[in-house]
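Numbers restart at 1 for each chain; the letters A, B, ... are given by sequence-line order, proteins then strands. The model shown is predicted, which means the values in this text are computed figures rather than measured ones.
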There are 2 protein chains.
Amino acid sequence: MTYQISNRKASVKTHIIFNNTKSVIAYAMKRSKKNCDLQSCSFCKLCLREWSPAIDVNRQTLLVSKGEEFITEGEKVTGVYFVYEGAVKVHKKWGEKELIVRFAKRGDIVGHRGLGNDIYYPVSATALEPSTVCFIPIDFFLASLKVNQEYLFQLMLFFADELKVSERKMRNLAHMPVKGRVAQALLTLSDKFGTAEDGLIDLTLSRQDLASYTGATYETVFRVLNELVEEGLVKLSGKHIGILDIDKLTSVTDQPG
Amino acid sequence: MTYQISNRKASVKTHIIFNNTKSVIAYAMKRSKKNCDLQSCSFCKLCLREWSPAIDVNRQTLLVSKGEEFITEGEKVTGVYFVYEGAVKVHKKWGEKELIVRFAKRGDIVGHRGLGNDIYYPVSATALEPSTVCFIPIDFFLASLKVNQEYLFQLMLFFADELKVSERKMRNLAHMPVKGRVAQALLTLSDKFGTAEDGLIDLTLSRQDLASYTGATYETVFRVLNELVEEGLVKLSGKHIGILDIDKLTSVTDQPG
DNA sequence: TATAAAATATGACTTATATCATAAATATAG
DNA sequence: CTATATTTATGATATAAGTCATATTTTATA
């Protein structure tokens, strides 16, 4: 069994080269002492057992501090990342404005938009809290896909799902009012990140980020959120939001203008 | 080499069952006398040569009349389609309003959003002109993916690209003004469908469809289009539009409010 | 070819949402 | 533990884009 390791593309950035490995680490990020357990993400889980050592040699477990952007839109693709711990936002900008395209948590892949013909990341990725991510160089990842058909198949299905989600959101941005989009966002986030005992969504999110996620301005989201509180659908507690009436909140989702 | 044919899912709809095959045709569509040449779409091109006879047995070449919706959002997935001739819009609705998510022409796959965990089409597909499409039952398509790794890999890359395009459009809907979105739409369409000698984009598209594609109302698109004509960037000729100044039109694309 | 049905064209009016301004309250860093 | 930056809060105002109304032209179809 053969595979190739390459840091050609990766070395385009300013990197720290470790002399004990052929690996590469992006500038500001620190390497984590303890690596991931090789069974937290779909990649590790779905690749052949025999492939594990190869993954082990090629992966790099990195520490990303809160607010640190570890993928930058427009830069050359160096690899994909898997979130091992923490939470990440994937975002895209247009002029001054920003749109959060997706959130990622433990187990999720980030940077897979770097696959395909275009060799530049179409989005940025920033940690929302101190996070640990596992970096897989793109060439090794591609080699892995060739070897691990099952993972390739699942990755294809994952892309299909992502596309569906993306197009639904696209439609919402086009036609759903901000209030519905905020409601939808809260439902999605609650679903993805779960809630603590107090009913608050288990994600620390600034209002500005919620605004960027819903494709609206901070002020509008602020007002809409107040409405939802007055109507008794949600509760606010600092940077945390809780859903009080899931049914009514869901119904906000299909209210026209 | 084995593969399975199934019309289980397909038979949920009202269908015409041909007694000489195990195949299924969606209600209103007519079967074409002449089949496709088995080399016009990526599927036929990238599958193993040895797989061709299997494709031949399972595919169905169908005639779709103008305005006919051959995939309906929310219905059970029966298979994927490849456009052999004509042009198709892929759209999604929210209440009364509609958003065109993508256009497809000769060689393009349609209905691949039916892949993944959800067994219902998340979008509809409607022919914009009399078209010929090639239907591949979903079970056979999935079997093909298992057998044809190269096609699976390319399909995955295709999905990655689609996702990129989708997210860019998402961002545009969130932050770009209508004028920019119309400009962008015209550039995209010109790129995809090409232009005739007279410089007009080679696609017959109603203003309403252009509006649905840009996520705006008919009236707004109408006005914006007039502006673009007055500024000498585009010309109109019935249902056809031509780009007069590609550079200026491109620059409209990054003009904020 | 007549006749209904779409699609196009435009003006007048409304409204959802963005922008601007500015104060108060938290964070974060030195 | 102060200081500076960032996030939250909220009113006033502007405007892009949607809605409504209605005439005209084009395109299907009986």
Side-chain angles (χ1 to χ4, degrees), chain A residues 65-68 89 94-100 126-130 172-183 185 203-230 234-241 252 255-257, chain B residues 65-68 89 94-100 126-130 172-183 185 203-230 234-241 252 255-257:
Chain A
S65 46
K66 180 176 175 169
E68 188 178 345
K89 65 172 173 181
W94 188 78
E96 299 291 274
K97 294 167 178 177
E98 193 158 71
L99 180 75
I100 294 176
T126 303
L128 291 171
E129 44 189 79
N172 293 352
L173 281 167
H175 296 311
M176 193 186 281
V178 173
K179 194 168 179 180
R181 301 210 300 267
V182 170
L203 174 71
T204 312
L205 194 68
S206 75
R207 296 292 138 80
Q208 180 54 63
D209 275 345
L210 182 57
S212 297
Y213 187 48
T214 51
T217 59
Y218 166 81
E219 293 92 326
T220 302
V221 169
F222 169 79
R223 289 180 246 270
V224 160
L225 230 32
N226 282 349
E227 280 183 51
L228 292 174
V229 169
E230 272 164 39
V234 307
K235 63 174 172 179
L236 304 177
S237 173
K239 280 191 163 45
H240 286 267
I241 306 177
V252 169
Q255 266 153 33
Chain B
S65 46
K66 179 176 175 170
E68 188 178 346
K89 64 173 173 181
W94 189 78
E96 300 291 273
K97 292 167 179 178
E98 191 156 75
L99 181 74
I100 294 176
T126 302
L128 292 171
E129 44 190 77
N172 293 351
L173 282 167
H175 296 312
M176 192 186 282
V178 174
K179 194 169 178 180
R181 302 211 300 268
V182 169
L203 174 72
T204 311
L205 194 69
S206 75
R207 295 292 138 79
Q208 180 55 63
D209 275 346
L210 183 57
S212 297
Y213 186 48
T214 52
T217 57
Y218 167 82
E219 292 92 327
T220 302
V221 169
F222 169 79
R223 289 181 246 271
V224 160
L225 229 33
N226 281 349
E227 278 182 51
L228 291 175
V229 169
E230 270 164 41
V234 307
K235 62 174 173 180
L236 303 177
S237 173
K239 280 191 163 44
H240 286 268
I241 305 177
V252 169
Q255 267 154 32

On DNA chain D, compare the nucleotides closest to A/Arg207 and B/Lys179; which residue's is nearer the 5' end?
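Taking each residue's closest nucleotide, the earlier one in sequence belongs to A/Arg207.
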Starting from [atom2] on [N], measure out to [atom1] on [X] and report it in whole angstrom.
| X | N | atom1 | atom2 | result |
| --- | --- | --- | --- | --- |
| A/Glu219 | D/dT15 | CD | C1' | 15 Å |
| A/Arg223 | C/dA16 | CZ | C1' | 11 Å |
| B/Glu227 | C/dT10 | CD | C1' | 14 Å |
| A/Leu173 | D/dA16 | CG | C1' | 17 Å |
| A/His175 | C/dT17 | NE2 | P | 14 Å |
| B/His240 | C/dA7 | NE2 | P | 15 Å |
| A/Gln208 | D/dT8 | CD | P | 8 Å |
| B/Glu230 | C/dT10 | CD | C1' | 13 Å |

Heavy-atom nearest nucleotide on DNA chain C for A/Arg181 versus B/Phe222: which residue maps closer to 5'?
B/Phe222
If you assign each of A/Thr217 and A/Gly238 to its closest nucleotide in DNA chain C, which residue comes earlier from the 5' end?
A/Thr217
Just one of A/Lys239, A/His240, A/Glu129 clears the side-chain hydrogen bond (donor to acceptor under 3.5 Å, both in side chains) bar with A/Thr204, so which one?
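In the set A/Lys239, A/His240, A/Glu129, the residue that makes a side-chain hydrogen bond (donor to acceptor under 3.5 Å, both in side chains) with A/Thr204 is A/His240.
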Look at the side-chain N and O atoms of [X] and state whether any lies under 4.0 Å from the OP1 or OP2 oxygen of [N].
| X | N | answer |
| --- | --- | --- |
| B/Lys239 | D/dT27 | no |
| B/Lys66 | C/dA6 | no |
| A/Thr220 | C/dA18 | yes |

Taking side chain as C-beta onward, heavy atoms only, is A/Tyr213 less than 4.5 Å from A/Asp209?
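No, side chains not in contact.
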Using modelled atom types and a 3.5 Å cut-off, is there a donor and acceptor pairing between side-chain atoms of A/His175 and backbone atoms of B/Gly215?
no
From B/Val224, B/Thr220, B/Thr214, B/Val221, residue fulfilling side chain to side chain contact (heavy atoms under 4.5 Å, CB included) relative to B/Lys179
B/Val224
Please determine, for the side chain of A/Lys97, which listed nucleotide (D/dT10, D/dG18, C/dA18) has the closest atom?
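For A/Lys97, the side-chain atoms sit closest to C/dA18.
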Nearest-0.5 Å distance that lies between atom CZ in B/Arg181 and atom CG in B/Leu173
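Between B/Arg181 CZ and B/Leu173 CG, I get 5.0 Å after rounding to 0.5 Å.
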